[in-house]
Amino acid sequence: MSWRDLRCGEPRPEDEGLTATLAGWAHRRRDHGGLVFIDLRDETGITQLVVNPEHAPAAAAVAHGVRNEYVLQTTGAIVRRAPATVNPNMATGEVELQVDTLRIISTAPPLPFQLDEENVDEALRQRYRWLDLRRDHMQRNIRIRAQLVRIIREEMEREGFVDIETPMLWKPTPEGARDFVVPSRLQKGRFYALPQSPQIAKQLLVTSGFERYYQIARCFRDEDPRADRLQELTQLDVEMAFPEREFIFGLMERIVQRIWRECIGVELATPFERLSYDEAMLRYGIDRPDRRFGLEIQEATADTRGSGFGVFEGAECVRYLAVPRELSRTEVQALENHARSWGAKGLAYIVFRSEGEISSPIAKFLDGELLERWRRPGHTLLFVADDQRLVAKVLGLLRLQLGRELELVDESRWDFLWIVDMPSAEFDEESGTWVAAHHPFTRPTDESIELFKRDPGAARAVAYDLVGNGLELAGGSFRIHEPELQAKVFEYLGSEPEEQREKFGFLLDALAMGAPPHGGIASGIDRLLMALLSEPRIRDTQAFPKNQVGFDYMTRAPIELTTEQLDELGLRVVVEEPADAAVTEL
Ligand code: ASP
């Protein structure tokens with residue numbers, strides 16, 4: 001006998017009188033002493049079962065013992081509900097199943113949380129992920145994820161891209177994070193790295209004559225935890241020979257447009273706008289601006305040069321935000337604390353009250369005519385004076401903070417844009433050196449090749465990012481296909497020829513054997529889904545996530561190895577810090 005002949009979401013009034021067998025989970029049970037109602041759920045929906053002790057005494061005895069999330073099988077007749085009990089919110093709401101037989105197939109203990117419970121602790125949800133995944137919210141996230149990947153595959157295949165897997169056990173590749181390493185038993189003392197992305201592998205593939213490659217690739221980055229970062233992520237990874245930027249932009253736009261249309265019914269206008277990196281930094285202080293609200297950064301350097309106010313006059317750059325509120329002293333103080341934690345020396349302010357009065361400790365130092373020019377009744381101007389980089393950073397972060405706190409973000413809007421003319425290199429405060437802004441295989445623009453050596457900060461790359469609602473949804477570049485230029489760029493980034501050979505000899509050799517011009521892009525699927533579903537927790541875009549520090553509450557990985565395992569690998573563990581009890585004790 002088969003387990004079922006109808007799914008729980010299927011019964012309709014036309015099925016009246018049909019005898020059907022259903023199987024699924026007990027979603028809810030209402031025991032009225034006499035009649036027992038059970039909502040039986042499977043992935044297609046819910047059917048209400050009615051168990052009448054007079055009609056089916058044996059089934060009624062079973063029904064009294066049913067608890068939430070038991071797995072049941074039942075047979076009975078589909079009957080129409082009385083008009084007063086029709087549930088218009090359920091697809092099956094006009095009918096119910098009059099139970100003849102009821103069988104408990106699996107039981108469950110009292111549950112750690114109910115499926116409809118709100119605000120369940122995230123650790124508890126991850127510990128019992130199989131239960132958590134039964135919730136509507138998670139079912140939706142994971143199913144839409146699959147739909148999104150299907151759309152991506154269809155579009156990529158349509159354009160002739162070939163899906164090619166690349167190794168998981170690989171060599172360290174520089175993508176800006178730390179590597180996860182895997183010890184080799186057969187070659188003791190040696191390690192593989194899990195790929196941070198298939199970057200070099202995909203460049204080798206186009207060099208091998210696979211002119212259009214793609215992969216839904218797993219990437220591993222041992223990053224310090226941040227709300228929208230993952231250590232294990234999936235990306236659409238793309239590379240093509242003889243690349244055209246317009247083709248890559250168009251391809252991504254078609255994919256994103258179809259995803260938004262088919263998954264959530266939103267029609268996005270394409271082509272997406274383009275903004276240069278410099279302009280984004282100037283207006284929004286960040287390279288992934290959220291433009292669903294205004295509050296753009298305003299320039300005040302020239303205006304304040306002759307102002308007589310030392311703090312402004314002495315700074316390389318003075319800019320401000322005109323916040324559409326009369327902020328209180330305490331509110332400004334709180335914002336100033338944030339600004340200081342981001343590196344600002346302070347936060348100067350002017351409140352223009354709607355009645356005309358000005359409250360500001362700095363107004364007395366400023367020229368009356370300038371104040372009049374700035375006057376915006378009902379606004380608070382927040383100023384940062386410092387070097388350009390710091391001013392952009394602090395005002396950019398303040399802008400985002402205020403956008404959230406003052407609820408300025410228009411949540412009904414979708415804002416997509418390309419950031420272009422990206423820098424080649426960025427200064428790394430920690431190491432005090434210039435590092436690749438994207439990765440070291442990114443092509444500098446023709447004009448920037450010489451500039452790279454003299455003034456790395458001014459060199460521009462043929463690189464681009466796709467930003468959606470303030471999230472970086474994709475990033476890519478054209479690559480260096482000439483071995484001499486690649487060696488030169490490595491050198492500019494501080495890598496001597498010997499080190500280059502050791503790390504990237506195979507890439508340099510490949511580039512020297514007939515490498516076509518090539519370029520590509522990669523788009524983080526987890527992050528794309530986060531934007532698509534306005535899902536605040538990136539971990540809820542994956543079926544089995546780990547927590548912020550990479551701990552898996554369900555399997556309890558990572559675990560310690562036995563002495564035998566360690567011996568086999570030729571490893572010895574020196575524990576400096578014991579594992580965090582809060583992490584391991586749930
Ligand atoms: N490999 C890059 C990344 O993972 C993307 C690219 O340049 O195609 O961000």
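Both ligands and their constituent atoms are indexed starting at 1 by order of listing. Sequential numbering from 1 along the given sequence is applied to the chain's residues.
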*Taking the six-membered ring for Trp, are Tyr492 and Phe452 parallel (under 30°), tilted (30 to 60°) or perpendicular (over 60°)?*
tilted

*Do Ser412 and Asp410 get their side chains close enough for a donor-acceptor pair, meaning under 3.5 Å?*
yes

*Taking only heavy atoms of Ala522, which atoms of ligand 1 are found under 4.0 Å from at least one of them?*
5 (C), 8 (O)

*Using the six-membered ring wherever Trp is involved, compare the ring planes of Phe506 and Trp170 and label them parallel, tilted or perpendicular (cut-offs 30° and 60°).*
perpendicular

*Which of the atoms of ligand 1 are close to Gln235, meaning less than 4.0 Å from one of its heavy atoms?*
4 (O)

*Does a donor on one side chain sit under 3.5 Å from an acceptor on the other, for Glu157 and Tyr214?*
yes

*Rounded to the nearest 0.5 Å, how far does CG of Asp287 lie from CG of Asp278?*
11.0 Å

*asked:* Distance alone, cut at 3.5 Å: any donor-acceptor contact between the side chains of Asp552 and Gln126?
replied: no

_For Gln199, atoms of ligand 1 separated by under 4.0 Å from a heavy atom_ = 1 (N), 2 (C), 5 (C), 6 (C), 7 (O), 8 (O)

*For the residue pair Asp526 and Gln542, confirm or rule out a side-chain donor-acceptor distance under 3.5 Å.*
yes

*N/O of His438 under 3.5 Å from N/O of ligand 1, yes or no?*
yes

*Run the numbers for me: atoms of ligand 1, each under 4.0 Å from some heavy atom of Lys202, listed by number.*
6 (C), 8 (O)

*Any nitrogen or oxygen of Ser197, main chain or side chain, under 3.5 Å from a nitrogen or oxygen of ligand 1?*
yes

*By number and element, which atoms of ligand 1 are closer than 4.0 Å to a non-hydrogen atom of Ile521?*
8 (O)

*Arg221 near ligand 1, heavy-atom distance under 4.0 Å?*
yes

*Looking only at heavy atoms, is any part of His439 under 4.0 Å from ligand 1, and if so is it the side chain, the backbone, or both, or is it neither?*
side chain

*Any atoms of ligand 1 less than 4.0 Å from a non-hydrogen atom of Arg479? List them with their elements.*
6 (C), 7 (O), 8 (O)

